[in-house]
Engineer: 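The structure is given below, and queries will be raised subsequently.
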Amino acid sequence: MTMDPAVSLGRGLVLPNPVGVASGTFGYGFEAERMGPIAHLGAVYSKGTTLLPREGNRPPRISETSAGMLNSIGLQNPGVEVVARDYAPRWREWSVPVVVNVAGAGITEYVEVCERLSDVAGVAGLELNISCPNISHGMDFGTDPKRAKALVEAVRRVTELPLIVKLTPNVTDITEVGRAVEDGGADAISAVNTYLGMKISVKERKPVLPGMGTAGLSGPAIKPLALAAVAKLRRAVELPLIGIGGIGSTEDALEYLVAGADAIQIGTANFYRPGVSAEVLSGLIQFATDNSLQSWRDLRWSD
Amino acid sequence: MTMDPAVSLGRGLVLPNPVGVASGTFGYGFEAERMGPIAHLGAVYSKGTTLLPREGNRPPRISETSAGMLNSIGLQNPGVEVVARDYAPRWREWSVPVVVNVAGAGITEYVEVCERLSDVAGVAGLELNISCPNISHGMDFGTDPKRAKALVEAVRRVTELPLIVKLTPNVTDITEVGRAVEDGGADAISAVNTYLGMKISVKERKPVLPGMGTAGLSGPAIKPLALAAVAKLRRAVELPLIGIGGIGSTEDALEYLVAGADAIQIGTANFYRPGVSAEVLSGLIQFATDNSLQSWRDLRWSD
Amino acid sequence: MIRSAVKSASELCGQSDLSRAVDEFATCTSVELLQGTLFEIRFHAPRVAAAAAPGEFAQLLVDEGQVPLLRRPFSFSRVDISEGTVSFYLAAVGRGSSRLRLLHPGDRIRVLGPLGRGFSLPSSPGRSLLLAGGLGAAPFPLLMDQLIGRGEEVIWLNGSRSSSELYPDHLLPSGIQSRLIRTQDGSKGDPGLVTEGLPELMGVVQRIYACGPNPMLAAVYRSWASEVAAGHTAASLEVSIEAPMGCGFGTCLGCAIPLAAEGDESGPIGLCCRQGPVLPAQQLNWDQLLNQPAHLG
Amino acid sequence: MIRSAVKSASELCGQSDLSRAVDEFATCTSVELLQGTLFEIRFHAPRVAAAAAPGEFAQLLVDEGQVPLLRRPFSFSRVDISEGTVSFYLAAVGRGSSRLRLLHPGDRIRVLGPLGRGFSLPSSPGRSLLLAGGLGAAPFPLLMDQLIGRGEEVIWLNGSRSSSELYPDHLLPSGIQSRLIRTQDGSKGDPGLVTEGLPELMGVVQRIYACGPNPMLAAVYRSWASEVAAGHTAASLEVSIEAPMGCGFGTCLGCAIPLAAEGDESGPIGLCCRQGPVLPAQQLNWDQLLNQPAHLG
Ligand SMILES: Cc1cc2nc3c(=O)[nH]c(=O)nc-3n(C[C@H](O)[C@H](O)[C@H](O)COP(=O)(O)OP(=O)(O)OC[C@H]3O[C@@H](n4cnc5c(N)ncnc54)[C@H](O)[C@@H]3O)c2cc1C
Ligand SMILES: Cc1cc2nc3c(=O)[nH]c(=O)nc-3n(C[C@H](O)[C@H](O)[C@H](O)COP(=O)(O)OP(=O)(O)OC[C@H]3O[C@@H](n4cnc5c(N)ncnc54)[C@H](O)[C@@H]3O)c2cc1C
Ligand SMILES: Cc1cc2nc3c(=O)[nH]c(=O)nc-3n(C[C@H](O)[C@H](O)[C@H](O)COP(=O)(O)O)c2cc1C
Ligand SMILES: Cc1cc2nc3c(=O)[nH]c(=O)nc-3n(C[C@H](O)[C@H](O)[C@H](O)COP(=O)(O)O)c2cc1C
Ligand code: FES
Ligand code: FES
């Protein structure tokens with residue numbers, strides 16, 4: 001391949017290639033590092049991180065559906081302090097850029113977490129998770145363009161790190177929120193987070209997962225939906241887009257690149273196919289070579 | 001079973017049992033009638049019917065996804081005149097109630113179609129499809145509570161037939177539209193129609209399906225999403241609910257009854273398992289017997 | 001796109017008889033692996049076998065309703081009524097066909113059929129040209145069987161890119177009058193396309209049956225149409241075409257095919273599963289057919 | 001639910017060594033159908049076999065990533081390093097296990113393992129009680145093999161609802177000291193629950209290993225705890241527990257299990273796949289474990 005596989009997400013964040021691994025499906029990267037090489041990755045997006053440590057929801061937390069899975073982890077994470085102090089130094093040794101996925105209960109928490117991570121070596125960027133369906137109010141920012149914009153503006157003020165905003169698909173029109181975060185000063189958009197779903201235990205006559213029973217659906221089942229969301233966003237915003245949802249093969253990744261994504265994240269597939277990211281990357285590179293691509297953008301559909 | 005399997009959807013519409021077949025997946029019932037018995041059905045919901053005949057979209061119109069299918073049929077139908085004149089008389093001979101699914105480009109068309117069907121023997125009820133994603137503006141009513149309410153009110157004025165409103169799930173909060181159509185005078189709500197999705201042909205670097213490439217996703221893939229929508233609606237409205245989305249087994253149907261549905265519709269499964277509705281019905285009846293249910297409502301989850 | 005054309009598709013072309021279809025829980029009796037990804041798979045499905053006619057198809061349920069979700073349509077390739085078996089000739093191309101290739105004798109899947117409209121059989125014997133490109137050979141062994149049984153003279157013209165994609169001789173019935181082989185790479189038979197030398201052949205037959213990729217069928221149609229116009233042949237031409245199918249029996253409206261109102265004029269939308277898959281070539285709108293993307297998945 | 005407990009799960013209980021896991025494209029070598037839906041399935045997976053230890057598990061990829069989507073966790077039941085095979089003992093209960101039962105020798109699937117933390121093996125020989133309820137027998141043949149190999153005396157207590165759910169004798173290794181059978185319906189061995197007569201047994205062993213349904217394990221734990229408190233036994237108790245698993249290697253956080261901080265006190269959340277599946281019984285919060293729905297699907 002003569003083409004440069006790198007992808008720029010703005011504000012100096014250049015990924016060596018478009019294939020990243022999605023937040024919450026790769027921990028903080030240390031498990032995968034033990035199991036095999038990870039140096040091929042374009043980026044690692046960390047588990048959602050909050051100000052204080054969170055224990056997450058009570059079990060059960062996951063349930064399988066047709067070509068999908070529901071999760072209600074509840075943002076179990078060690079808190080930003082541990083991430084900044086213990087994890088980031090280890091990431092500094094990696095060639096793979098690590099983007100920390102940030103969650104919060106309100107603007108203040110997001111701002112504090114982002115501020116704490118701002119000058120930490122080893123943190124290549126921030127991904128604001130304004131779309132986690134598994135904590136109360138986790139989606140308020142993601143479903144309200146005004147609040148989404150205000151959040152991005154507030155975070156923008158405290159950090160020079162590249163700022164990716166991760167959108168929820170559980171809205172009537174995802175482009176409204178996309179435009180709002182673009183206006184608010186985001187550097188890139190990742191789309192999408194999980195879809196609100198439910199699984200019922202007929203035996204127990206109640207939802208399988210605790211609380212109200214709703215949880216986030218991910219996996220191949222959602223790919224057509226997420227792809228439509230990315231294609232819509234592509235027409236609405238100028239920002240680099242990271243496509244997420246049901247990617248488990250080179251063909252899947254290519255579909256997102258055609259739909260308008262600049263990069264992609266593999267999520268659930270990491271669970272059932274730990275080697276998937278390396279395969280997808282080499283598949284993409286093979287495709288680029290076979291088709292003499294000059295840039296990933298050559299793939300883009302322009303009707 | 002000592003329990004009466006019948007289900008009342010309001011305004012005198014009593015279905016012999018909760019198992020119906022969804023609009024667009026059973027034609028007008030005549031193909032299935034040729035292939036085998038249909039007398040067991042709780043209801044047939046007809047293909048979406050418009051004022052004038054429609055040829056539908058150019059092919060290709062369908063594409064398979066993981067545990068789902070995308071369709072962009074574009075409301076091919078013979079128009080209300082043929083339905084009222086030629087089809088309804090045949091339905092009169094059936095023991096199965098037939099609900100005509102009605103679509104339109106604006107309030108006037110909906111009203112005219114409903115008016116035309118109003119005194120036609122053989123038509124047991126109307127299902128307003130305010131949620132078809134495959135014609136331009138097909139979702140405007142379904143995504144805007146105010147317009148949805150106005151539409152229902154307008155139709156309500158011209159017909160005494162039981163009025164079911166079929167909601168789209170492609171909204172931030174389906175309960176807002178649910179409440180609006182309840183206020184507007186609907187007798188029941190069916191939920192949900194298909195989810196907006198897309199499939200891309202990497203070879204051709206464009207969507208598989210024509211136009212903007214978006215189409216409606218149905219099948220097992222959407223079941224967790226549709227189930228969550230039904231569970232949410234159950235807490236928001238008093239009206240009878242008809243659960244739809246990915247039902248292909250007795251267990252699936254039971255999940256919807258637990259989530260709060262009064263009846264269900266089987267859609268895509270009719271394509272790959274033409275015998276599915278009979279199996280689901282006998283499975284439900286077996287379950288009711290084994291569990292000594294007094295009413296389907298006994299199944300309902302009440303947290 | 002509002003027009004009062006829906007009924008006329010069946011008025012124009014007739015439609016399949018759904019009352020013959022049976023959804024049989026069939027037992028795989030053999031999977032014969034052929035060259036490359038090609039294979040023939042046989043099922044014990046006596047009720048389907050008893051009703052199957054040449055050119056008709058069955059819908060195979062590869063998975064009990066998950067992935068792949070939809071049934072897969074395959075033409076009856078060979079039928080043995082006394083044994084109660086139906087055979088399909090196919091290539092492992094995608095998820096469904098690849099899963100079928102992995103079936104073992106004894107495995108059971110649902111086979112729904114017969115569906116669609118098949119080839120018309122001659123009322124009095126004459127000479128037929130059966131023209132197949134690649135996998136398009138699938139429906140012809142059964143058709144030959146019935147034609148030969150009726151005393152018809154059969155000319156078998158089988159073309160493909162290379163010899164590895166030709167229909168295997170040992171599966172053909174006996175009694176074929178002449179066999180012509182064409183491969184694009186010349187690896188077997190005459191090098192070239194099936195359409196070469198076609199006008200001459202058309203002049204000596206009463207019936208032409210064709211099945212293969214759309215571009216091939218369109219070329220055959222054009223060649224035939226000009227021979228007919230020139231008065232060089234009075235042979236009929238029936239083609240078996242494909243469309244993505246949701247159901248196979250007319251309820252999903254997914255298998256739309258462009259029909260011709262008169263000649264090449266744009267006509268109503270037809271359903272491949274009910275007006276087809278076999279149609280008189282003049283009933284199709286070939287320009288529109290060729291405009292459809294090759295990749296259906 | 002904010003607490004600084006995440007790290008302490010591994011501090012408290014240790015965690016699995018992920019560097020030994022291999023994702024091997026394994027070939028099915030046999031499927032032995034046993035009573036009812038029970039079967040033993042064997043794979044040629046030499047790298048996994050070489051690393052597998054008793055109580056550890058593998059994640060089997062039944063379908064290449066569609067339906068069922070997630071891998072299925074099964075404990076190594078028997079391992080033959082020289083042949084390079086691993087065997088799993090299971091029942092066809094749901095979609096994944098039922099598909100596994102339909103595999104044929106020669107079929108290939110991915111087997112990822114070894115994963116999790118297994119049973120601790122004695123440093124000097126003594127007497128062990130291996131206590132299994134129903135399918136809980138699965139990990140024990142391998143454990144016995146290694147215990148007996150180290151000169152340990154093995155007492156095998158196998159209980160189930162009825163004789164049809166007992167682990168088959170012919171798959172057990174030789175050298176077991178005593179075998180006790182209990183069935184609830186009395187169809188084989190002594191009628192009753194495995195917990196009956198347990199206190200006496202506990203008094204005569206150094207180690208107890210248990211695997212089975214949660215209620216059974218909880219009863220064993222309570223019985224053991226009171227014997228320990230009364231000073232009647234100094235035996236250790238290790239249990240193998242189950243949780244729905246997304247990954248099997250600590251990244252999905254889906255397999256949360258309630259740990260005990262001290263005794264029955266509520267402790268941090270642990271991961272079944274990393275702190276377990278085998279844990280010293282006192283490290284679990286049994287009240288919370290029992291509160292989880294039995295139906296995980
Ligand atoms: C009436 C009819 C008869 C056929 N007879 C034969 C036959 O005898 N032998 C044979 O090898 N093939 C035949 N085909 C084509 C065959 O149906 C497809 O090759 C098959 O469906 C591919 O499925 P897959 O899962 O392997 O491929 P995938 O690409 O995974 O299929 C994805 C989707 O596209 C559809 N699809 C893909 N290719 C085609 C196609 N060419 N035509 C229609 N739909 C397609 C599939 O049905 C499925 O819904 C026939 C098609 C039709 C419509
Ligand atoms: C560490 C570990 C070791 C195990 N070892 C064995 C063994 O050796 N033999 C054996 O028969 N079973 C064992 N199980 C249970 C086995 O994993 C389940 O029976 C199996 O996953 C069921 O899958 P299914 O598709 O057949 O059922 P389904 O009900 O269709 O499964 C649906 C989902 O629920 C999960 N699930 C269902 N039952 C269980 C369960 N009991 N535990 C965890 N997840 C479950 C499945 O993994 C899947 O994600 C073990 C479980 C764990 C966690
Ligand atoms: C178990 C699990 C945990 C997740 N945790 C997070 C998270 O902490 N933050 C976040 O932004 N997204 C989280 N996600 C969403 C994924 O990053 C991704 O957006 C989603 O799963 C869709 O991609 P997929 O279909 O490839 O899995 C999680 C997903 C799963 C399955
Ligand atoms: C091919 C096809 C055509 C459809 N046509 C209509 C329609 O005309 N009117 C309508 O309200 N819904 C239509 N639907 C939606 C279904 O009625 C149903 O709401 C949806 O498919 C979800 O159910 P399922 O997952 O069981 O298929 C159609 C669905 C399919 C698959
Ligand atoms: S395949 Fe459904 S209408 Fe033809
Ligand atoms: S199974 Fe994923 S963390 Fe344990």
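We use all heavy atoms of the structure for the numbers below, so side chains are in, but hydrogens, waters and symmetry mates are not. All chains are named by letter (A, B, ...) in the order of the sequence lines, taking the proteins before the strands, and each is independently numbered beginning at 1.
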Engineer: Which atoms of C/R20 are under 4.5 Å from chain B, going by heavy atoms: the side chain, the backbone, both sets, or neither?
Structural biologist: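 Looking at C/R20, nothing touches chain B.
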Engineer: Going by heavy atoms in the side chains, are B/R58 and C/P258 under 4.5 Å from each other?
Structural biologist: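 A side-chain contact exists here, since the closest heavy-atom pair is under 4.5 Å.
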Engineer: Quick one: does C/T251's side chain get under 4.5 Å of B/K47's, heavy atoms only?
Structural biologist: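 SC-SC contact between C/T251 and B/K47 ruled out.
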Engineer: If every non-hydrogen atom of C/G267 is compared with every non-hydrogen atom of B/E55, which pair is closest and at what distance?
Structural biologist: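 Scanning both residues completely, I find the closest heavy atoms to be O-OE2, 3.7 Å.
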Engineer: Does any non-hydrogen side-chain atom of B/R61 lie less than 4.5 Å from one of C/I269?
Structural biologist: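 Counting from C-beta outward, C/I269 and B/R61 do come under 4.5 Å.
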Engineer: Looking at C/R161, I want to see if its CZ is surrounded by more than 12 non-hydrogen atoms of other residues, nucleotides or ligands under 6.0 Å.
Structural biologist: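 Incorrect, the count does not exceed 12.
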Engineer: Chain C heavy atoms under 4.5 Å from B/T268: which part of the residue, side chain, backbone, both or neither?
Structural biologist: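 When you check distances to chain C, only side chain atoms of B/T268 fall under 4.5 Å.
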Engineer: So do C/L61 and B/Y272 actually touch side chain to side chain, heavy atoms under 4.5 Å?
Structural biologist: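 Yes, side chains in contact.
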Engineer: Go through the atoms of C/Q15 and report whether side chain, backbone, both or neither lie under 4.5 Å from a heavy atom of chain B.
Structural biologist: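 For C/Q15, no heavy atom lies under 4.5 Å from chain B.
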Engineer: Would you say that B/P274 contacts C/L112 through its side chain, given a criterion of any heavy-atom pair below 4.5 Å between the two side chains?
Structural biologist: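 Yes; the side chains approach each other to less than 4.5 Å.
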Engineer: Between CG of B/N270 and SG of C/C252, what distance do you get to the nearest 0.5 Å?
Structural biologist: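 Reported value, rounded in 0.5 Å steps: 11.0 Å.
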Engineer: Distance check, rounded to the nearest 0.5 Å: C/L253 atom CG versus B/I62 atom CD1?
Structural biologist: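 Here the interatomic distance stands at 10.0 Å.
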Engineer: Using 4.0 Å as the upper bound for N to carboxylate O, is an ion pair formed by C/R71 and B/E64?
Structural biologist: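 No, B/E64 and C/R71 are not salt-bridged.
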Engineer: Calculate, to the nearest 0.5 Å, the distance between atoms CD and OG belonging to B/E31 and C/S16 respectively.
Structural biologist: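 Between atom CD of B/E31 and atom OG of C/S16 there are 9.0 Å.
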Engineer: Do B/P59 and C/I257 have side-chain heavy atoms sitting under 4.5 Å apart?
Structural biologist: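 The answer is no; the side chains never approach within 4.5 Å.
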Engineer: Of all the heavy-atom pairs spanning B/P220 and C/L69, show the shortest one and how long it is.
Structural biologist: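 In terms of heavy atoms, the two residues are closest at CD-CD1, 3.3 Å.
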